[in-house]
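Everything on this sheet refers to the single structure shown next.
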Amino acid sequence: MTIHSEDLQMNIYQSGDEAAKLLPVSFDQWENQAKKVLAAAPFGYVHGAAGAGDTERGNVEAFQKYKIRPRVCCDITERDLSISLFGNKIPFPILLAPIGVNTILHPDGELAPAKASAKLGIPYVLSNVSSVPLEKVAEAMGDSVRWFQLYPPKDHDLTKSFIKRAEASGFTAIVVTVDSTLLGWRETDLRNAYLPFLTGHGMGNYFSDPVFCSSLKEAPDKNIKAAALKALEEGNNTCFTWRKLDFIREQTRLPLLIKGITHPDDAIMALEHGVDGIIVSNHGGRQLDGAVATLDSLPSISESIQGKIPILMDSGIRRGADILKAIALGATAVLIGRPYAYALAVAGETGVQEVIKHLVAETELQLAISGRSSIQEVDQSLVIKVK
Ligand SMILES: Cc1cc2nc3c(=O)[nH]c(=O)nc-3n(C[C@H](O)[C@H](O)[C@H](O)COP(=O)(O)O)c2cc1C
Ligand SMILES: CCCCCCC(=O)C(=O)O
């Protein structure tokens, strides 16, 4: 999809009295509207963070330490935001992050962001804990680029089964999330006594898996809670080590990415263990409280990887300026999390498309006004650290 940022901007300016009826423009507006349409517990599940919320706040605040230093008198008539990732040309340096349990947000569940990303031409990273099974998501996406995120199960046969199913359904990369072998201390969810998996949300891939189902005493629909507890037990893989990552590496020839890296030494370990890409992430501050912001982690990780494999980044991206700062500090692309989750709750597939279109338009205008015509021209010289 081509997004004409100035046309998009002009259409909104010219909407006159209709403007109030349009979908939100800013992240804050999407968040406020999601709060209105969702019940307190599902809203709290998305909005919440671990502990005191230090990591989540820090992710967002970190962007203020860097300021864009524009160049002027550059020809910015033509602009190009496209990047190349694992052999695919992607129109914008944006992916949809894996976000599970989408049926708590919208009845279409993961089908809505999957279709939106297919229309936009950006990769969709489907969560292991999606409510809709991966085969159905693949069917809705045609040939569009999709990656599968894995919470590495304890059971090796279940691991193999998830990977084989993803390969058979046309997913073109596997993302192993390593920051969540235990669920963080999430006070909002604890106060609401809310864990959506226990009522079957987010269980699409487990409840449809032959290996998983054969490990149960009775079919998942006979005892949803027991089956969900078993799935969570598989995910609570507290003995997951680099050796287990090797096992996953041996199971697939697809590009393998590791998600949840914030330490440069772990980035080097991941490279040595054969990953093809690193996702610098702290899970949007939902796991470890008081942790380093991902933007602050990027420079040292970029330094240690030396361009050998792509580095992607998420956590705290809310605006076009954030995207440019992340790219300036070493990211090839960013993943968007909560912004699209809120948009999904407010307006389903249309909402997801809209929030991404606005982010793209803002990024493109920011790029141009800072004196660059291509995302390839963005490097450290774009920003200065001010505090
Ligand atoms: C409601 C919710 C569910 C999530 N589920 C997953 C998941 O299933 N797998 C995963 O790797 N990350 C998951 N994440 C983390 C996101 O992939 C991403 O790292 C994070 O949302 C980025 O931070 P941001 O929300 O501040 O943009 C989830 C995040 C949220 C908000
Ligand atoms: C063991 C799987 C827990 C997944 C929790 C989903 C998620 O990533 C999040 O809520 O954050």
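Atoms within each ligand, like the ligands themselves, are counted from 1 in listed order.
Looking at D276 and R249, a side-chain N of the basic residue comes within less than 4.0 Å of a carboxylate O on the acidic one, giving a salt bridge. Salt-bridge formation is detected for the pair R79/E364: a Lys NZ or Arg NE/NH1/NH2 atom is positioned less than 4.0 Å from an Asp or Glu carboxylate oxygen. A salt bridge links E234 to K230: at least one charged side-chain nitrogen sits closer than 4.0 Å to a carboxylate oxygen.
Figure legend: R319 and F63 shown without cation-pi pairing, the cationic atom not lying both under 6.0 angstrom from the six-membered ring centre and within 45 degrees of its axis.
Listed for the Q33 side chain is no donor-acceptor partner under 3.5 Å among the backbone atoms of A345.
At a 4.0 Å heavy-atom cut-off, ligand 2 does not touch E233 at all. Residue contacts with ligand 1 for R286 involve side-chain atoms from C-beta outward but no N, CA, C or O (heavy atoms, distance under 4.0 Å). The part of V129 lying near ligand 1 is the side chain, judged by heavy-atom distances below 4.0 Å. The side chain of R318, and not its backbone, has at least one atom closer than 4.0 Å to an atom of ligand 1 (non-hydrogen atoms only; side chain from C-beta on). Looking at H283 against ligand 1, both its backbone and its side chain come within 4.0 Å, counting heavy atoms. Contacts between S281 and ligand 1 below 4.0 angstrom, taking non-hydrogen atoms only, involve the side chain exclusively. When non-hydrogen atoms are compared, ligand 2 lies under 4.0 Å from the side chain of H283 (C-beta onward) but not from its backbone.
For atom 11 (O) of ligand 1, the candidate residues are T177, I99, I317; the nearest heavy-atom contact is made by T177. Among S127, G48, G285, P98, the residue whose heavy atom lies nearest to atom 17 (O) of ligand 1 is P98.
Here Y206 and F162 bring their ring centres to under 6.0 angstrom of each other. For F27 and Y342, the ring centers are positioned less than 6.0 Å apart.
In terms of protein heavy atoms, atom 3 (C) of ligand 2 is closest to L183 CD1, 4.1 Å. The protein heavy-atom contact nearest to atom 10 (O) of ligand 2 is Y45 OH, 2.4 Å.
Not a single heavy atom of Q287 lies less than 4.0 angstrom from ligand 2. Using a 4.0 Å cutoff on heavy atoms, D314 counts as a contact of ligand 1.
Note that NE2 of H263 and OG of S304 are 10.0 Å apart. Values are rounded to the nearest 0.5 Å.
For the pair S180 and ligand 2, the shortest N or O to N or O distance does not fall below 3.5 Å. Taking only nitrogen or oxygen atoms, main chain and side chain alike, G100 reaches within less than 3.5 Å of ligand 1.
Each of T188, D189, N192 was checked for a side-chain contact (heavy atoms from CB on, under 4.5 Å) with Y45, and the lone residue meeting it is D189.
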